[in-house]
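Read the structure below first, then the notes.
Reckoned from all heavy atoms, side chains included, excluding hydrogens, waters and symmetry mates. Just so we're on the same page: letters track the sequence lines, and every chain starts at 1.
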Amino acid sequence: MTDYLEQLNDSQREAVEYCDGPELVIAGAGSGKTRVLTYKIAYLLNQGIKPWNILALTFTNKAAREMKERIALITGDAVARQLWMGTFHSIFARILRVEAEHIGFPSNFTIYDATDSKNLLKGIIKEMQLDDKTYRLGMVQSRISRAKNALITHTLYGQNKELVESDMNAKVPLIRDIYARYQNRCLQAGAMDFDDLLLQTNILFRDHPSVLEKYSQRFQYVLVDEYQDTNFAQHLIVRKLCETSGRICVVGDDAQSIYSFRGANIDNILQFRNQYPGCRIFKLERNYRSTQNIVNAANSLINKNKEQIPKNVYSEKEAGSKLRLLSLYSDYEEAYAVASMLLRMRMAQSCRYGDFAILYRTNAQSRLLEEAFRKRGIPYKIYGGLSFYQRKEIKDVIAYFRLIVNPHDEEAFKRVINYPARGIGETTVGKLISAAVSAGTSLWHVLEAPLEYAVQVNAGTARKLSSFRVLMEHFVSLRDSMDADELAGLVIKETGLLQLLAQDRSTEGLGKYENLQELMKGIAEFCQLRREEGSGQIHLSDFLSEVSLLTDQDDSGDDAADKVTLMTVHAAKGLEFPNVFVVGLEEELFPSTMAKDSLRAIEEERRLFYVAITRAEENCVLSYAKSRFRNGQSQPCSPSRFLRDIDLRYLEVDNGGQSLPAGSLRKNGSEPSRPVFSSPLQQQAAPRVLRRMDTVKRETVAPSSVPPAALGELKPGVRVRHDRFGEGKVLSVSEEGNNAKATVAFDNFGQKQLLLKYAKLKVLD
DNA sequence: GGCCGGGGCATTTTT
DNA sequence: TGCCCCGGCC
């Protein structure tokens, strides 16, 4: 258990072993940040801290999952599972469900995603008869979100001079009223949006000291990953929890703070030492990822920023090649130059397509690259489409689940009341809404007693409403006595959703049908896994609370497919590739036009470029075009100011055009067009529905044809195979008839306890 | 309810 | 230039 410390370098080890007070770990790019966090948690456990007394917060589900997996390899799965580890949103949603009564929400509250919030706001703007050109949806949403991040509730909003004035100046003085209405509607619906999860947690801790006391005692040690990305609300929650204990460790890199537009506040990390007196700072400066040239080039760039914590990131890998800069005449040529160069590099290094990534500032830049790649027969995958849960067909089904778990959920209600079509049109729904709004109640209450709320509809419509109500009531009555997978199956059948999708024979329809099947499979797996772990009944609400915050993009899914990765720089954070192209390095694009009049914004763009360069392990190619098609016309472009920030010792200016095949530069070139590789839609891997730590790597384990084990065969020492966890050795078996469990040490997943009646273990010879 | 066309628009998006 | 949203029409 202690030998893992030997896998750390000196500064990493110091950071792991220091546990006497507030700790800030500045983790340069590629410096083994996750390793420090995981080993620190293992170290704390080794010091006798119980897993349930450790809180570890991350920003993405993926990060939490990966860290859990790595800890499980050291401590075993049983211990890792008891850690409080997850995203800010999921951890505090969990706590808010337990404590909901204190803040006037039901414990089965719905979580509105960004789309739900938008829809609700759209409705409110319409109801208030405001001009939607003035009250632009995105603007309204971001103002409300910013207020919530700053802990300004709708009641405080109107009293805040600064905000009121800013709204006046922007000619949108009614934001305060929209905010108030929005919040009331959320309350009626028993719903919280993403920002509420943090805001309400703060309110909970502020107004209920005993609750705060309970959690700050529970969490004897708090760790936060990617601290540079925290917003004010998150910073405050963490501070409240650690105020007395001082046992906090935050890890991050101020140089990689790129989410200020989402409310992230770089000052949280810059000012940490002042916020936590007696804090110790550790710097992880050795970069294990990139060659010296890449690290040095990135350093020379980021040193041009004023606001930063001084650090000296270095690499002890070989010097490597210099960064190369390609200068092209147009965006069109840039795309083809990148494609050609990629092919040449692939030949020269005999590496895989999967070893390349193309990074750009805006999603719009992907189109030409795709075109060029298709023409050259280069396989690629694009990140940035809709995630599985954002697809319409999935949201529709989930909306039914939401409504069953919380019938007051307005957005779910509006989504499903006429889907599949039941002849309940917009007019009728409008009547329900205005009745609900004027009575200050939920749509569901109105549906339950339309006459009481004076809803004027004809007999036919009344009948349709009533039958919808009966249908939903039927599901609700089964909610607490049926397992999630069973109930879900019933829902898609009885609502006609399954049939509706099944009869659509178009390519699109087939995809939707497959997605639905994938969702159902995910629910079944979720239930199966819980059963194996020995949970009793698995309610639909259990599934729902798990998925409502699982919105992350599916990361490729099939690692086997050898494809070039195309993504925005933002999306590339945390990833690494042997070869990286950063394209479109022009003024007005990178840095973005929006950033040009603020130093802070320019510095953030520079950090973004820093993030891009530091994704590269071996080769980094930069490119810019002298003209680019934007907003319908070709515009002249000048090279990005950031290119001048890179020390010329590490940068080689390539005359990129020369070595390109002549035909590649002209639109009607002689290049014979190759068969289209495959459409981006088809390239997207089948998404994993539930991506918990223990379901992720399922596909890496070949299903076995060995028959299921008879109970008698399972003895300590026997090697077994599990469909999901692969091979492992039985450590012990507890014989309790129906509830017999086996403890198995899996080769790749650590120790697990499995309920034998569900886990289909197969004995290997 | 679904399809078509005009008008407005156009960073980044962990939850 | 292309996408998305809305409104009008069948």
Less than 4.0 angstrom between a side-chain N/O of A:R367 and OP1 or OP2 of C:dC3, yes or no? yes
Closest heavy-atom contact between A:L585 and A:L622? CD1-CB, 3.5 Å
For C:dC3 versus B:dT14, give the span between their C1' atoms, rounded off to a whole number of Å. 25 Å
base_contact_polar (B:dT12 base, A:R262 side chain, donor-acceptor, <3.5 Å): no
Taking the six-membered ring of A:F194 as reference, does the cationic atom of A:K148 (NZ for Lys, CZ for Arg) lie under 6.0 Å from its centre and within 45° of its axis? no
Would you classify A:Q365 as touching base, sugar-phosphate or nothing, given that sugar-phosphate means primed atoms plus P, OP1 and OP2, and contacts are heavy atoms under 4.0 Å? nothing
Measure from NZ or CZ of A:R97 to the centre of the six-membered ring of A:F109, then state whether that distance is under 6.0 Å and the direction lies within 45° of the axis. yes
Syn or anti for B:dT11, taking syn as within 90° of 0? syn
Heavy atoms under 4.0 Å, any strand shown: does A:D132 hit a base, just sugar-phosphate, or nothing? nothing
Between B:dT13, B:dT15, B:dT11, spot the one nearest the side chain of A:H570, thanks. B:dT13
Identify whether NZ of Lys or CZ of Arg in A:K240 sits under 6.0 Å from the centre of the six-membered ring of A:F205 and within 45° of that ring's axis. no
Exactly one candidate in A:D116, A:T115, A:N119, A:D396 meets side-chain hydrogen bond (donor to acceptor under 3.5 Å, both in side chains) with A:R415; the answer is A:D396
Roughly how far apart, to the nearest Å, are C:dC5 and B:dT12 at atom C1'? 22 Å
With rounding to whole Å, what would you report as the distance between C:dC6 and B:dT11 at their C1' atoms? 24 Å
Does a nitrogen or oxygen in the side chain of A:T568 sit under 4.0 Å from OP1 or OP2 of B:dT13? yes
A:S592 vs A:N418, nearer the 5' end of DNA chain B by closest nucleotide: A:N418
Using a cut-off of less than 4.0 Å, is there contact between a side-chain N or O of A:N363 and OP1 or OP2 of B:dT12? yes
Residue-phosphate contact under 4.0 Å: A:K133 side-chain N/O, C:dC6 OP1/OP2: no
On DNA chain B, compare the nucleotides closest to A:E605 and A:I424; which residue's is nearer the 5' end? A:I424
